Novice: 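Before I ask anything, here is the structure I am working with.
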2 protein chains.
Amino acid sequence: MPHAHHSDACPGCAAAPQAAFARHDHSHCSGDVLARAEALAAEQGVKLTPVRRRVLEILLEEHRALGAYDVLQRLAGEGFGNQPPVAYRALDFLVENGLAHRIRRLNAFAACMHPGEAHAPAFLICRACNHVAEAPAAPVREALDHAAAALGFAIERSNIEALGLCPACRGAGA
Amino acid sequence: MPHAHHSDACPGCAAAPQAAFARHDHSHCSGDVLARAEALAAEQGVKLTPVRRRVLEILLEEHRALGAYDVLQRLAGEGFGNQPPVAYRALDFLVENGLAHRIRRLNAFAACMHPGEAHAPAFLICRACNHVAEAPAAPVREALDHAAAALGFAIERSNIEALGLCPACRGAGA
DNA sequence: TCTTGACATGTTATAGTATAACATACATAG
DNA sequence: CTATGTATGTTATACTATAACATGTCAAGA
Ligand SMILES: [Zn+2]
Ligand SMILES: [Zn+2]
Ligand SMILES: [Zn+2]
Ligand SMILES: [Zn+2]
């Protein structure tokens, strides 16, 4: 049982976005997030069925984004359906219920590291190691809302993504 | 000859992002941007060949983003090649040379409304009328750089896109 | 002038991403 | 138990993008 030292929030653990780019006890991240996800699903009255839960676990294995077909391949190998809609439906469910994010730049999906918390994420994608961090971006979102408001535009959904080099890969001189 | 009243910058014309969502003299936008694009290409020593120029003109017809296959269909109807690479190559050229932008949320491309000017655009996409505005987003980009810097991440490219309702469509009660 | 090399275009073929439409299973409420 | 809604499975297809190769064009250099 990971992180028995606390039962709810875990400051500086899964919440720490820089962990995505550094060595860390990742079982802590994934265990923590998965527990929160289950709580959130129960709270919202939606069902985290076996496929859906398994897809979330797969996304949580690493701080990376996976394509739908990567996920599908994993599912198929584990006895679930092996046709695209199986993966897309589970992924869409996770996205719609705030348990995963779609990374448009990569045509891929990543687990949400802050399920249930109100957050306006920006995604930092390392082009060298492919790790993805969900950075807190409330100020970014605020600036975006402001720019939109200046034009009378009402934002409903937004995606903010950046490609570059993470600290580890910068050091390695990629 | 459009906009003969000025020879270089055109404050409040193509530069005005809110124009994308309102009635306006669009030939002014397109004529102005096309002229700037030609100047910029010459200045950068790259060739705005007939296909490339035509693709830019097509993108400039409206404040919308077009899919590669939409562009291709237009090209094919005008005697250019009718295979995907013809469109993708021209579009990639325009994007790489700062004459167009890729809108990832739509898998589509839009003409850059500020070619040659240093700008950090955010794209506002109306889900009702499909118009796309290239909003000035220097503060947004600055906030994003700041959030990334806090994690030691070096941004190279970014995309900032928002979906919602433009002022016109909000009024229409969409 | 002729050649050569760089670049642009054209074409064939295929890879990768996503969804429509229909069939089956399974739960829970009445 | 049976009707209803929801989840899953499956078939087929649509949409997006690129690899690889062939042909054409033009200008610099021999
Ligand atoms: Zn982790
Ligand atoms: Zn990295
Ligand atoms: Zn216009
Ligand atoms: Zn609109």
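So that the names make sense, note that chain A is the first sequence line, chain B the second, and so on, each numbered from 1. Predicted, not measured: the structure shown is a model, and the values here were computed from it.
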Novice: Counting distance only, does the side-chain N/O of A:R52 pair as donor-acceptor with the main-chain N or O of A:K47 below 3.5 Å?
Specialist: yes

Novice: Indicate every side-chain donor-acceptor pair of residues 70-92 of chain A with a distance under 3.5 Å to a residue at least two apart or in another chain.
Specialist:
residue: A:D70; atom: OD2; partner: A:G67; partner atom: N; Å: 3.1
residue: A:R74; atom: NH1; partner: A:E61; partner atom: OE1; Å: 2.9
residue: A:R74; atom: NH2; partner: A:E61; partner atom: OE2; Å: 2.8
residue: A:E78; atom: OE1; partner: A:R54; partner atom: NE; Å: 2.6
residue: A:E78; atom: OE2; partner: A:R54; partner atom: NE; Å: 3.4
residue: A:E78; atom: OE2; partner: A:R54; partner atom: NH2; Å: 3.1

Novice: If an axis is fit to five pairs at each end of the helix from C:dT1-D:dA30 to C:dG30-D:dC1, what is the angle between the two, to the nearest 10°?
Specialist: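 It works out to 10° between the end axes.
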
Novice: If you define the side chain from C-beta out and look only at heavy atoms, does anything of A:I160 sit under 4.5 Å from A:P121?
Specialist: no

Novice: Just by distance, do the side chain of A:H131 and the backbone of A:F21 share a donor-acceptor pair under 3.5 Å?
Specialist: no

Novice: Got a sec? Which of residues 97-108 of chain A come in under 4.0 Å of DNA chain C, heavy atoms?
Specialist: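 A:R102, A:N107 - these, ordered by number, are the residues of the stretch whose heavy atoms sit under 4.0 Å from the strand.
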
Novice: Under a criterion of less than 4.0 angstrom to any heavy atom of chain A, what are the 5'-terminal and 3'-terminal contacting nucleotides of DNA chain D?
Specialist: D:dA7 to D:dT11

Novice: Partners of A:H146 by side chain to side chain contact (heavy atoms under 4.5 Å, CB included), sequence neighbours excluded?
Specialist: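 By the side chain to side chain contact (heavy atoms under 4.5 Å, CB included) rule, A:H146 matches no residue at all.
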
Novice: Does a side-chain heavy-atom distance below 4.5 Å link B:L124 with B:C166?
Specialist: no

Novice: Which residues satisfy the side chain to side chain donor-acceptor pair (under 3.5 Å) test with B:N97, sequence neighbours excluded?
Specialist: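 Residues passing side chain to side chain donor-acceptor pair (under 3.5 Å) with B:N97: none at all.
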
Novice: Tell me, for nucleotides 22-30 of chain C in 5' to 3' order, what letter each nucleotide earns: B for a base near a protein heavy atom under 4.0 Å, S for only sugar-phosphate near one, - for neither?
Specialist: ---------

Novice: Among all residues two or more places apart in sequence or in another chain, which pass the side chain to side chain donor-acceptor pair (under 3.5 Å) test with A:R105?
Specialist: B:N159

Novice: Please list residues of residues 72-85 of chain A whose heavy atoms come under 4.0 Å from any atom in DNA chain D, ordered by number; otherwise none.
Specialist: A:G81, A:Q83, A:P85

Novice: Only counting residues at least two apart or in another chain, list the ones meeting side chain to side chain contact (heavy atoms under 4.5 Å, CB included) with B:A65.
Specialist: B:I103, B:L106, B:A108, B:A110, B:V132

Novice: Please identify each residue that fulfils salt bridge (Lys or Arg N to Asp or Glu O under 4.0 Å) with A:R104, with sequence neighbours left out.
Specialist: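 Per chain and number, A:R104 pairs via salt bridge (Lys or Arg N to Asp or Glu O under 4.0 Å) with no residue.
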
Novice: Under the rule for salt bridge (Lys or Arg N to Asp or Glu O under 4.0 Å), what residues qualify as partners of A:E161, not counting sequence neighbours?
Specialist: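 Result, salt bridge (Lys or Arg N to Asp or Glu O under 4.0 Å) vs A:E161: none returned.
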
Novice: What is the ring orientation for A:H26 with A:H63, classed by angle as parallel under 30°, tilted 30 to 60°, or perpendicular over 60°?
Specialist: perpendicular

Novice: I want to know whether A:H114 and A:H101 have ring centres closer than 6.0 Å.
Specialist: no

